[in-house]
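Below is one structure, written out as C-alpha cells; comments come after it.
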Amino acid sequence: MSSRVAARVTVVRVVTAAGLALAVTAGAADLRVNVEAGALHDSNLNRARGGNERSDQALFVEAAVAKSAPLGASAGIVGRVGLRLRAQRTYDALNQAALVGRLAWRWQPTPGFTAPTLEAALHGEALRHADSALRDGAIVAASVGASQHLTDRLRLATHFTAERRFADTTGVFDLRTWRAAVAVDWRASDRVTVYGSATWLDGDHVIGLRTGAAPGYAPGWFRTAAPDTAFDRGADRFTAYRVDARSLIGEIGVNVPLDAQQSLDLSVMRIDTRAEAGPTYGVWQVRGSWIRGF
C-alpha cells in the first residue's frame, strides 16, 4: 500500500472512529453541533518575501458535530466530525473543502475543578482544492497535552503534536512537522474572554516564489519544488518549494458572547519563519467569525 493510500485510509479510520464515538454514545451525553462562519485576511498567503508576497482575503464556514462519553469515573472520550469550506477572494484555485475528524481520550487523575486534565488525540483531514492538485491530499496527526483551570477565570493548556501531510501529486506538500504550544484563556468579565497562544513549529514548510526569483540562497536550500499555478497572474509564474524551517506563531483574540448559544470572535496571528538555508518571512492573519452552538 502506498503512503498516500495509507494516509487516506488513516483519515477514513480517524473520521470513522470519531463518527462511531458519536453513534455508540447515544444517551451518554447530548450531541453538540457547532457552526462557525467568518472572514480572514492573510498578508502573505504564499509564505514568501522579497516582493513575492501575495495577500488575500477569504470567507469560511465550518460545521461540526461532537459528543463525549465517560470511561469510568475519571476518564472519557470525545469524538468530533466536521466539514470546512473556504473561498478565496483573489486566488480562487485555493478554494478548499476539508473533511475533518478528531478522537480524543481525556483523563483527570485527581478530581476537582482546578485539577489538571490530560489528553491524547488523533486528528485526520481529507483536503480538496478547486484547482491546485499539488495541495490535495490528507493530514494525520497525533497529540498529547494537558490543561488546568488555575482559577475560575483563568485556564492554561499545553500540547505537543506530530503531524504528517500527504500530497496526492508531486512531493512538495509531503510534510513532516512537530509543534509545541501553550495557550491561555482569561475570562476578563462575564461578557468578554481574552485568549492567547504561542507555538513553536519545526519541520517542513512550503514557500511560493516567482519562478527564478530565488537569488542569493545557499545551494540545496530547498528539498523539492514544483510549478504552483494557483498564484500565476499575467506574465508571473510561481514555483512552490519545500524547505526545512522553524516558525514562531503568536495569537491573541477576544470572544464576546451574544447569548447562551452565540458569540463573536476576533483574533490576530503573527507567524515568523526562518528557513534553514533559504528565506525568512513574516505573516499577519486577522480573523473574525460568528459562532453558534446547538
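Quick caveat: nothing in here was measured; it's all calculated off a predicted structure.
Remark: R164 qualifies as a cation-pi partner of F166 under the 6.0 Å distance and 45° angle criteria applied to the six-membered ring. Remark: R287 qualifies as a cation-pi partner of F60 under the 6.0 Å distance and 45° angle criteria applied to the six-membered ring.
The aromatic rings of H149 and F113 sit parallel to each other, their planes meeting at less than 30°, with 60° as the upper class boundary.
You'll find the side chain of D204 stays beyond 4.5 Å of the side chain of R165, heavy atoms only.
R54 and D56 are not joined by a salt bridge, as no carboxylate oxygen comes within less than 4.0 angstrom of a charged side-chain nitrogen. Ion pairing of R246 with D244 is present here, as a side-chain N (NZ or NE/NH1/NH2) and a carboxylate O approach within less than 4.0 Å.
The CG atom of D136 sits 5.0 Å away from the CZ atom of R128 when rounded to the nearest 0.5 Å. In this structure, the separation between CG on L59 and CG on L85 is 11.5 Å, given to the nearest 0.5 Å. Atoms CZ and CD1, on R47 and I271 in that order, are 4.5 Å from each other to the nearest 0.5 Å.
The one candidate from D185, D265, T193 that meets the side chain to side chain donor-acceptor pair (under 3.5 Å) condition with N255 is D265. The side chain to side chain donor-acceptor pair (under 3.5 Å) test with R84 is passed by exactly one of Q96, E62, E36: Q96.
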Please determine whether side-chain hydrogen bond (donor to acceptor under 3.5 Å, both in side chains) holds for the pair T117 and S147, giving the CA-CA distance in whole Å, both sets of side-chain angles, and the decisive distance to 0.1 Å.
CA-CA 5 Å; T117 298; S147 62; 4.7 Å; no

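Between S247 and H205, the side chains place a donor N or O and an acceptor N or O closer than 3.5 Å (distance only, hydrogens not considered).
Surrounding CZ of R153 are more than 12 heavy atoms belonging to other residues, nucleotides or ligands, all under 6.0 Å away. Within a 6.0 Å sphere centred on CZ of R176, heavy atoms belonging to other residues, nucleotides or ligands number 12 at most.
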